[in-house]
Amino acid sequence: MSDTAASAQSLHEQGFNCAQSILGAFAPSLGIETKAAFKLASAFGGGMAGRGDSCGVISGGLMVIGLKFGQTSAEDKAAREKCNRLGREYIKQFETRFGATACRELIKCNIGTPEGAKLVKEKGLREGLCSNLVYSGAQMLSALIEQA
């Protein structure tokens, strides 16, 4: 069991959204404060501000990739390409494994509606499916970073 993946899953189980859980688990290794990571990723849960769009596991993962490999000057085209290449690979692996990238498609309802939010609670999707996505996404991200 990956320590980072277990940490991400634990954060999610404590009530942080998917993006916060991913970024928060990786924050110490990226040299950023965990509280800052939680704040930064706050609006990315529930598929981008609760809209059911891109899964927070992906959003959080892309933030991690950017912080680890992203460019810090406009001239650093190599860093931009590496960051984009790794980001595309992360999304591809996630979609291949789970069949979708949008929150509403993964959980089979729109979390942004009262009906969808109710269904998420009734079916225990946050504790089951979403927690698994966080854990697996963190594992995939760890492996991708190690190979980069």
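Note: hydrogens, waters and symmetry copies are ignored here, and every other heavy atom, side chains too, is used.
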In this structure, are over 12 heavy atoms from other groups packed under 6.0 Å from Lys35 atom NZ? no
Determine the minimum heavy-atom distance between Leu144 and Leu86, stating which atoms define it. CD2-O, 3.4 Å
Enumerate donor-acceptor pairs with a distance under 3.5 Å from any side-chain N or O in residues 104-111 to protein atoms, sequence neighbours excluded.
from	atom 1	to	atom 2	distance (Å)
Arg104	NH1	Gly52	O	3.4
Arg104	NH2	Arg51	O	3.1
Arg104	NH2	Asp53	OD1	2.5
Lys108	NZ	Glu105	O	3.1
Asn110	OD1	Gly112	N	3.0

Donor-acceptor pair, distance only, cut-off 3.5 Å: does the side chain of Thr96 make one with the backbone of Lys92? yes
Within the 3.5 Å criterion, strictly below it, is a donor on Ser42 or Gln20 matched to an acceptor on the partner's side chain? yes
Test side chain to side chain donor-acceptor pair (under 3.5 Å) applied to Glu95 - qualifying residues, sequence neighbours left out: none
Contacts satisfying ring-ring contact (aromatic ring centres under 6.0 Å, His included) that involve residues 74-123 (not counting sequence neighbours) are Phe94-Phe98
Without swapping roles, check the side chain of Arg126 against the backbone of Gly15 for a donor-acceptor pair under 3.5 Å. yes
Linked, directly or transitively: Leu11 and Phe44 (ILVMFWY side chains, under 4.5 Å): no
Sorted by chain and residue number, the side chain to side chain donor-acceptor pair (under 3.5 Å) partners of Glu127 (sequence neighbours excluded) come out as none
Looking at Glu81, I want to see if its CD is surrounded by more than 12 non-hydrogen atoms of other residues, nucleotides or ligands under 6.0 Å. yes
ring-ring contact (aromatic ring centres under 6.0 Å, His included) contacts in which one or both residues fall within residues 6-37, not counting sequence neighbours: Phe16-Phe38
Gln14 and Ser10 side chains, donor-acceptor separation under 3.5 Å: yes
Kindly write out the residues that satisfy side chain to side chain donor-acceptor pair (under 3.5 Å) with Glu75, not counting sequence neighbours, or none if the list is empty. none
Hydrophobic cluster membership, with links at side-chain heavy-atom distances under 4.5 Å among I/L/V/M/F/W/Y: are Ile65 and Leu133 in one? yes
